[in-house]
Amino acid sequence: MSYIDLMKTIYIRILILILLSGNTYSQKFTELNQKIFFRSNANTTAWADFDNDNDFDLAVAFDNGNVSLYQNNDGNFIDVTAEYNLPNIGAPARGLSWGDYNNDGNIDLYVSYVSWYSYESNRLFRNDISKFTDVTEQTGIAFYPAFSRQANWIDFDGDGDLDLFSAQRQGENRLFKNNNGVFIDISKDVGLYDPRRTVGSCWADFDKDGDLDLFNANQQSDKDAFYMNENGKFIDIARKLGIDQPDRTIYEGGVACTVADFDNDGNLDLFVGTYGYDYLYKGNGDGTFDDVSHILGINKKTKIVGSSWGDFNNDGNIDLYYTSYVIGEEHGSDGLLKNINNSFKNVIPINILDKDGDHGAVWIDYDGDGDLDLNITSNGITIPSSESSSNNSKGNHLIFENKTETVPGRSIQLLILDKNGNFNKYGSEIRVYSSDSEEILGTRIVESGNGYNTQNAIPIHFGFEEPMIVDVEVTFLTNNKRQIKKYKNILTKSHHNKVIIIRE
């Protein structure tokens, strides 16, 4: 970056800080000051209760191939990477996905790599309680070379075990069917052997027919894809729906996608962050969308990398956090878009903006106090050219604790499990209604992908303007299509600081 470009970047940062100086949220997030979070070159983070002690632990993927594992002990984190036998060096690790592929009750970890400098496969690590065991080859899930980003654990055929989709930034995408813990590549058979450069992939039952559909955010002028699942065969109808973005330049393309119901109408919506203009697609519940991007409050091109939905202030409206990259003269800053009656205002706190991320973003109530905390990553690598550099040259994977005042009962958290108590029901939908009026208060999904190339195994969070009595409806996707379970008259105040367990 030239001196002039550097000064422009500094000037823009100062201007943003001035504009946000009156931001009332600035003091409501406090950085968790633990030295282990200050390591450089972090790409993405993923959360799960790997040790089954009822709190949620953190895995972090780094550019040097290291995958760090931090055990959460009542809000204090301990680095247990070496103890649990996870890799400390190798090809750049770009994605992390938690899923119980063998249904033994212990959450397993899939790591996505980029074979820039070596001939590598992605790796599957089985959770054996006391350690993680590399079972990539014996499960048949290896393929070479990997140039991977997002990976999604999903039960695409509804047979009760987790299949795996791996999106490739270079090369064809892969779908592996799980047969009793052994995987078979069926990408060509089902229509997903796609060579477009996929960075973000999101699975959900957008048309409410009982099976999972797929949206792919594609880079470097490649058109985005929307695959409708027709009895296990996938048909790309993005062009027909008008969501393929055909006019991109080689410098533009989709990166992040994430699913939410931003307007609380019961239908799943889709946000797509890009190198270019960003998109918010309002779902109509039948597999079609309306482009409502103008309400996002972003009226210029950005370089969004990661994005995550979460109701950070417990007002009943789901908000959006995104990370953004710096390239040349264009400065990318993170944004915290507060949802105000289905329009959005950037209220990012100054202390977060000062250390903004450029890759991962995850909302997680790590301390169990009823509000969502924020976990972001910054790669910290400066690309040796005059055109590109990173946001935070130090790199990090920070946690910002949410200090918003929490009235007991203004949120509930739901952990969605299968009938045996295993975390493998990705794509399940959760709707909350007011018990007295039956008004829908919000919809969430057990996400198959979020942030940047991450898949978490964490509770579903709902916020409310005040404590109340609610009904909860959970839609499970099975081989018998959509199966709905209802839970009546839940007093939110009785579940403060507790996770409600819901089994299929």
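All figures in this text were calculated on a predicted structure; none of them were measured in a lab.
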Quiz item: After noting the C-alpha distance and the side-chain angles of Phe215 and Phe206, does the key distance pass the ring pair (Phe, Tyr, Trp, His ring centres under 6.0 Å) rule?
Solution: CA-CA 10 Å; Phe215 178 87; Phe206 289 105; 8.0 Å; no
Compute whether any side-chain donor of one residue and acceptor of the other, for [X] and [Y], lie under 3.5 angstrom apart.
X      : Y      : answer
Arg169 : Gln220 : yes
Thr45  : Asn375 : yes
Tyr227 : Asp194 : yes
Gln245 : Tyr279 : yes
Asn424 : Asp161 : no
Asn43  : Tyr452 : no
Asn122 : Tyr110 : yes
Asp334 : Ser324 : no

Exercise. Under the side chain to side chain contact (heavy atoms under 4.5 Å, CB included) rule, what do Asn379 and His359 come out as? Steps first, then yes or no, please.
Key: CA-CA 7 Å; Asn379 181 288; His359 279 76; 3.6 Å; yes
Is there a side-chain contact between [X] and [Y] in this structure, where contact means two heavy atoms from C-beta onward sitting under 4.5 Å apart?
X      : Y      : value
Phe165 : Leu214 : yes
Gln455 : Tyr426 : yes
Asn102 : Asp108 : yes
Phe132 : Arg123 : no
His397 : Tyr70  : yes

Between [X] (side chain) and [Y] (backbone), is there a donor-acceptor pair under 3.5 Å?
X      : Y      : value
Arg444 : His461 : yes
Asp365 : Gly368 : yes
Asp269 : Leu280 : no
Thr323 : Gly306 : yes
Asn127 : Ile107 : yes

Self-check item: Candidate pair Gln150 and Asn453, rule side chain to side chain contact (heavy atoms under 4.5 Å, CB included), full reasoning
Solution: CA-CA 4 Å; Gln150 180 70 57; Asn453 302 340; 3.8 Å; yes
Quiz item: In Å, rounded to the nearest 0.5 Å, how long is the span from CZ of Phe234 to CG of Leu212?
Solution: 7.5 Å
Quiz prompt | Rounded distance (nearest 0.5 Å) linking atom CD1 of Ile458 with atom CD1 of Ile416 | solution = 12.0 Å
Practice problem: Give the intermediate values and the outcome of salt bridge (Lys or Arg N to Asp or Glu O under 4.0 Å) for residues Asp63 and Arg94. | Solution: CA-CA 7 Å; Asp63 242 11; Arg94 281 299 183 110; 3.6 Å; yes
Ion pair check, [X] and [Y], cut-off under 4.0 Å:
X      : Y      : result
Glu401 : Lys403 : yes
Asp224 : Arg248 : yes
Asp236 : Lys223 : no

Self-check item: Contact summary for Thr258 and Ser307, nearest pair of heavy atoms
Solution: CG2-OG, 3.5 Å
Practice problem: Apply the test side chain to side chain contact (heavy atoms under 4.5 Å, CB included) to residues Glu447 and Trp203: give CA-CA distance (whole Å), side-chain angles for both, the deciding distance (0.1 Å), then the verdict. | Solution: CA-CA 8 Å; Glu447 296 169 331; Trp203 294 74; over 6 Å; no
Quiz item: In terms of ring plane angle, is the pair Tyr321 and Trp363 parallel, tilted or perpendicular, where the classes change at 30° and 60°?
Solution: perpendicular
Exercise. Report the C-alpha separation of Phe262 and Phe271 in whole Å, then their side-chain angles, then the decisive distance to 0.1 Å, and conclude whether the ring pair (Phe, Tyr, Trp, His ring centres under 6.0 Å) test is met.
Key: CA-CA 10 Å; Phe262 80 91; Phe271 172 74; over 10 Å; no
